[in-house]
Amino acid sequence: MDAEAKVLPSGVGEPAILDGAIVIGAGAAGLAVAHALAKAGVTTQILEREQRLAEPWHRRHDNLHLNTHRDLSSLPGVSFPAGTPAFPHRSTVIRHLNEFAETHRLPITLGIEVEEIEFRGDHWLLRTSEGLKTARYVVIATGRDRQPFIPAWKGMEDFSGKIIHSADFGKANDYAGRKVLVVGAGNSGFDALNHLSRAETDQMWLSARNGPSLLPKRIGQIAVHRFSPVMANLPTRLADAIMAATQRLVFGDLTTYGLPPAPSGGASRLGSDYTAIAADDGAVEAIKAGRVIIVPQLREFRRDDVVLDNGQAIAPDIVIAATGYRTGLETMLGRLGVLDTRGVPLFNGAANDPKLPGLWFTGMRPSIRGCFANARIQGAAIARKIAGQKR
Ligand SMILES: Cc1cc2nc3c(=O)[nH]c(=O)nc-3n(C[C@H](O)[C@H](O)[C@H](O)COP(=O)(O)OP(=O)(O)OC[C@H]3O[C@@H](n4cnc5c(N)ncnc54)[C@H](O)[C@@H]3O)c2cc1C
């Protein structure tokens, strides 16, 4: 589409305005807000670009189980089947999202991608792969991990080994006999190491710029995530202190293995740089056993090796960039000035911008509770606001 074709005078050629909400994205966040809106009596449509629900969960690696507990990872009115393990497999999440949509008969149109949205004073104009749509309210629920992000490292094009993003992890057994470098000591980096710690790999390294806020998945038989609702209600500094103390008690001082200290507390980082809390399920044992060596930040790639910040060179066969995700919202929203420098919306959940009435975001920040509980809370809060404005 050329630039000129994008500018339509208000109202000309537009379809009738939906006196309700269009939700963009049918993941957990989009489904939860649509359900809450429908319950509050707001006419709602959900537009989903994929041809089936839960596509991000379909694409995730085979070994993936939730880090969040079953009882805190369901959407309203639908529960997991009896016998679901404490940390459900991704296939259970796929079934759950489909069941939720069916149970509540949510009005989802699949296969429509929203390309750009514009504010038209009293309504929103959406340019989609299927033409124009208009609505009084728009809720953006396109996910905070929409686009895998790999930094532009010097020399990476010429590297003779393989570089993949953690989103393409595949199966742990595929790494048998291989030397693996995981870059990034966050949630995805520890998820990869948790799985690799059970595979017959050759040497592994973890390149860490910052130490993580790291909690065990379980202490004895107790799933640590069960405490998240309590933690979420504590003052941030107290939650930081409890997490740091738990980390120290369970794992000891990981800086002795070369892991840098975390720049700030786990609860603080959720709100400041949107870093999720990492979960250990075998990685720390592998670090302590010397199967994973912690090395400094990656400086550059050469043909046959990787140079680290301290000048040391290592020669992995595979580099897993556990370097996070981006929202990828610049094209859709760039003109509105609602994104920070990393593409994260400036407001989320019940907050909005009075200069852009009717625009809402959900699911754009990590939370101690996890994305499902957060989707419920934010969905209900947005629905209350929209229903309140319509009265
Ligand atoms: C490897 C991994 C493991 C995770 N494990 C956990 C966990 O254990 N517990 C937990 O709580 N969270 C976990 N998360 C985070 C969780 O996946 C996300 O926070 C969650 O999926 C967010 O749901 P969502 O609805 O916000 O986004 P998504 O599930 O990403 O859904 C967004 C939807 O929007 C659609 N969409 C995007 N752009 C458009 C567009 N332009 N037009 C129309 N539709 C569009 C997408 O196709 C998608 O269906 C994990 C994330 C990753 C990457």
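Since this is a predicted model, take the numbers as computed values, not measurements. In what follows, every heavy atom counts, from backbone to side chain, and hydrogens, waters and symmetry copies are set aside. When a ligand or atom number is given, it counts from 1 through the structure's own listing order.
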Legend entry - 4.0 Å heavy-atom contact, Arg144 with ligand 1: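 No heavy atom of Arg144 comes that close to ligand 1.
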Proximity to ligand 1 by part of [X], non-hydrogen separation under 4.0 Å:
X	result
Leu47	backbone
Glu55	neither
Arg146	side chain
Asp145	side chain
Phe87	neither

Inset, instruction - Using the six-membered ring wherever Trp is involved, compare the ring planes of Tyr175 and Phe169 and label them parallel, tilted or perpendicular (cut-offs 30° and 60°). - result: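 Tyr175 and Phe169: parallel rings.
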[Y]/[X] salt bridge by N-O under 4.0 Å criterion:
X	Y	value
Asp145	Arg60	yes
Arg335	Glu116	yes
Arg226	Asp71	yes

Legend entry - Polar contact flag, side-chain donor to acceptor under 3.5 angstrom, Asp281-His65: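 There is no such pair (donor and acceptor under 3.5 Å, judged by atom type) between the side chains of Asp281 and His65.
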For [X], is at least one N or O under 3.5 Å away from an N or O on ligand 1?
X	answer
His65	no
Thr68	yes
Ala29	yes
Thr362	no

Legend entry - Heavy-atom nearest neighbour in the protein, as seen from atom 7 (C) of ligand 1, with distance rounded to 0.1 Å: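 Its nearest protein heavy-atom neighbour is Leu66 CD2, 3.5 Å.
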